[in-house]
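So the structure is just underneath, and the comments pick up after that.
Remember, predicted model here, so these are calculated numbers, not experimental data.
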Amino acid sequence: IIEWHGAHLPVGLDGSIAQEFAARLAEKVQGVLYPTQWNAMTALPHRVSSEIPSDLYVQLIDAWLNGLHEVGFKKALVV
């Protein structure tokens, strides 16, 4: 997500870590890696933090998962 963690860390660190973890996992289990979504439903309050309402975020995740199901995916892991 786009979130401030202090001057010592880059903005977006959480998403970068999740992206690398998911890439390694997908390679290990021969999965398909969906592009990283840089959205957040909660973020630390700061001028460079970005978030969207929780109910909208849940709707987005639900739509992505339903779309994957419709094209034949049986399992998904959301990091």
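- Every residue two or more places apart in sequence or in another chain that forms a side-chain contact (heavy atoms from CB on, under 4.5 Å) with T36 is listed here: Q19, W38.
- Follow the hydrophobic side-chain contacts under 4.5 Å out from L65 and you reach Y34 in the same cluster.
- No donor-acceptor pair closer than 3.5 Å links the side chain of Q30 to the backbone N or O of K28.
- Counting only heavy atoms from C-beta outward, the side chains of W64 and Q37 approach each other to under 4.5 Å.
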Counting only pairs under 3.5 Å, give me each side-chain donor-acceptor contact of residues 70-78, with atom names and distances, residues two or more places apart or in other chains.
none

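- For E20, the salt bridge (charged side-chain N to carboxylate O under 4.0 Å, His left out) test picks out R24, with sequence neighbours left out.
- Grouped with L33 in a hydrophobic cluster is no other residue, since no side-chain heavy-atom contact under 4.5 Å to another Ile, Leu, Val, Met, Phe, Trp or Tyr is found.
- With sequence neighbours left out, P53 forms a side-chain contact (heavy atoms from CB on, under 4.5 Å) with D55, L56.
- Listed for the D62 side chain is no donor-acceptor partner under 3.5 Å among the backbone atoms of V58.
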